[in-house]
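Please read the structure below before turning to the comments.
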Amino acid sequence: MLRAPAEIKFAEELDYLESIDTSPKPFSWRLSPRMVRIFVLGSDRADGLEREIPQKWFGDRSFVERSIVTLASDRGLLLIGDPGTGKSWLAELLAAAISRNSTLVVQGTAGTTEDHIKYSWNVSMVIAKGQSKASMIPSPIMTAMERGVIGRFEELTRSTSDVQDALISILSEKYVSIPELPDDDNIVFAQPGFSIIATANSRDRGVNDLSSALKRRFNFVRIPVVTNKKSEAEIVRFRTEELLRRHQIELELPPTLLDILLQSFADLRAAAASATSDDEKLESALSTAEQIGVLEDAILHSQFFGDSTLKAATLAGSLVGSLARRSPEDLAILNKYLHGVVEPRSKKDEGGPWKEFLDGGREAISTLS
């Protein structure tokens, strides 16, 4: 399996937490709210567990607790924030802990239709036997309704207003009508435990804004960009260790290179914040997810085309290659950063990794130019 969903990847932890969970559980939840929080944020001594549960999502505890309370109240949950803030990962972890199934997902796009959140038909069966429950293909959301579990809707604001309007009735009425079927079998009612976790990219504002009616059906939890270096380092390290295990790579991540990566993104974010026009900003969102992508690219390059040792020059090349999406604008911004910020550091750190990082960045820019 290329990427196991959270309920499979952490099945042993979930089994353990379920076996010791004596707290009340809302609806059909597999774990109590307290155990859901422990699964997502990790355990500490005060929890009194016989085994440690590692932290899987790094962010403010209050965001996770409010998300859990929202789902326990039978309301929809909307996680909103910039790209790369971990919205989808948090949604997956919550669905895995609550329902042991995080795969009932609808991906919002301009091409998403009402059928994707309600139902469609098996055309060959309809031709052969007519329309019936057997020939109906339920959407992931309808399946979640029937089972009383969590359904997920990714990138809600990228779907059209027609799709969003169809979601309003599901969230408010908690049933879907099927007019093609006989009256005694034409409604699918949501079972207790059903709810929807939706995500929305705050940078998509204006694409397909949510109506006031749909907003009222959700509790909003805004996930901010991680700015704390310690927290960001934990996220990057956690994801990198996953990557190394998945690829069965034995490669050490030097702390100094992780510091350089974190500092570079912090510098570029500061430059973007002080820019007076879009042309002076990188097109990249400079998110934590993009940091992980830069590091992943550098690690794989070191493994396959290097000596299995991560070097500052390789990291710089990956950073330039990943962030230079527009030419010549992004290349000019990165070149300015290397000369104005990295070069002075390299002179103070003569013979250190900043000098190698500077040389690797310049070489990458020269190649792309």
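A quick note: this is a predicted structure, and the numbers were derived from the prediction, not measured. One-based numbering along the sequence shown.
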Is it the case that more than 12 heavy atoms not belonging to [X] sit under 6.0 Å from its [atom1] atom?
X	atom1	answer
Lys347	NZ	no
Phe305	CZ	no
Phe220	CZ	yes
Arg51	CZ	yes
Glu363	CD	no
Asp185	CG	yes

Between [Y] and [X], do the side chains contain a donor N or O and an acceptor N or O under 3.5 Å apart?
X	Y	value
Asn122	Ser135	no
Glu290	Ser284	yes
Thr276	Glu280	yes
Thr103	Asn101	yes
Glu343	Tyr337	no
Thr109	Thr112	yes
Asp297	Ser318	yes
Gln191	Ser28	no

Option among Val149, Ile141, Ile150 that satisfies the side chain to side chain contact (heavy atoms under 4.5 Å, CB included) test with Phe194: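 Testing each of Val149, Ile141, Ile150 against Phe194, the sole residue satisfying side chain to side chain contact (heavy atoms under 4.5 Å, CB included) is Ile141.
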Can you tell me how far the [atom1] atom of [X] sits from the [atom2] atom of [Y], to the nearest 0.5 Å?
X	Y	atom1	atom2	value
Trp121	Asp115	CH2	CG	10.5 Å
Thr314	Leu319	OG1	CG	12.5 Å
Leu78	Leu210	CG	CG	6.5 Å
Ser88	Glu154	OG	CD	3.0 Å
Ile68	Met35	CD1	CE	12.0 Å
Thr240	Ile235	OG1	CD1	11.0 Å

For residues [X] and [Y], report the shortest heavy-atom separation together with the two atoms involved.
X	Y	value
Ile223	Phe63	CD1-CB, 4.2 Å
Leu368	Gly321	CD1-CA, 4.4 Å
Pro138	Glu146	CB-OE1, 4.4 Å
Leu167	Ile117	N-CD1, 3.8 Å
Gly86	Trp57	O-NE1, 3.1 Å
Leu257	Leu310	CD1-O, 3.4 Å

4.5 Å side-chain heavy-atom contact, [X] and [Y]:
X	Y	answer
Leu258	Gln263	no
Pro26	Pro33	yes
Thr199	Ile80	no
Leu261	Gln291	yes

Do any N or O atoms from the side chain of [X] and from the backbone of [Y] form a donor-acceptor pair under 3.5 angstrom?
X	Y	result
Asp47	Leu49	no
Arg75	Phe218	yes
Thr70	Leu77	no
Ser366	Arg362	no
Ser346	Lys355	no
Arg152	Ser102	yes
Ser99	Ala96	no
His339	Lys336	no
Ser274	Ala270	yes
Asp21	Ser32	yes

Path from Val105 to Ile196 over hydrophobic side-chain contacts below 4.5 Å: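 Hydrophobic grouping puts Val105 apart from Ile196.
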Same apolar cluster (I L V M F W Y, side chains within < 4.5 Å links), Ile197/Leu31: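 Same hydrophobic cluster.
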Below 4.0 angstrom, N of the basic side chain to O of the carboxylate: do [X] and [Y] qualify?
X	Y	value
Arg345	Asp267	yes
Glu356	Lys311	no
Arg3	Glu92	yes
Glu13	Lys56	yes
Glu232	Arg269	yes

Contacts of type ring pair (Phe, Tyr, Trp, His ring centres under 6.0 Å), residue Phe10, not counting sequence neighbours: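 Partners of Phe10 by the ring pair (Phe, Tyr, Trp, His ring centres under 6.0 Å) criterion, ordered by chain and then number, come out as Phe39.
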CA sep, side-chain torsions, deciding dist, call: Met136, Gln131, side-chain contact (heavy atoms from CB on, under 4.5 Å): CA-CA 7 Å; Met136 189 177 71; Gln131 291 174 319; over 6 Å; no
Audit row: Glu50, Tyr16, side-chain contact (heavy atoms from CB on, under 4.5 Å) steps and yes/no: CA-CA 10 Å; Glu50 293 180 357; Tyr16 168 71; 3.7 Å; yes
Intermediate values then yes/no, side-chain contact (heavy atoms from CB on, under 4.5 Å), Ile38 and Arg34: CA-CA 6 Å; Ile38 289 174; Arg34 175 174 171 267; 4.1 Å; yes
Candidate pair Glu283 and Arg325, rule salt bridge (charged side-chain N to carboxylate O under 4.0 Å, His left out), full reasoning: CA-CA 7 Å; Glu283 191 174 87; Arg325 297 173 183 174; 5.3 Å; no
Within 45° cone of Trp29 ring axis and under 6.0 Å: Arg100 NZ or CZ: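 Judged by the rule, Arg100 and Trp29 form no cation-pi pair.
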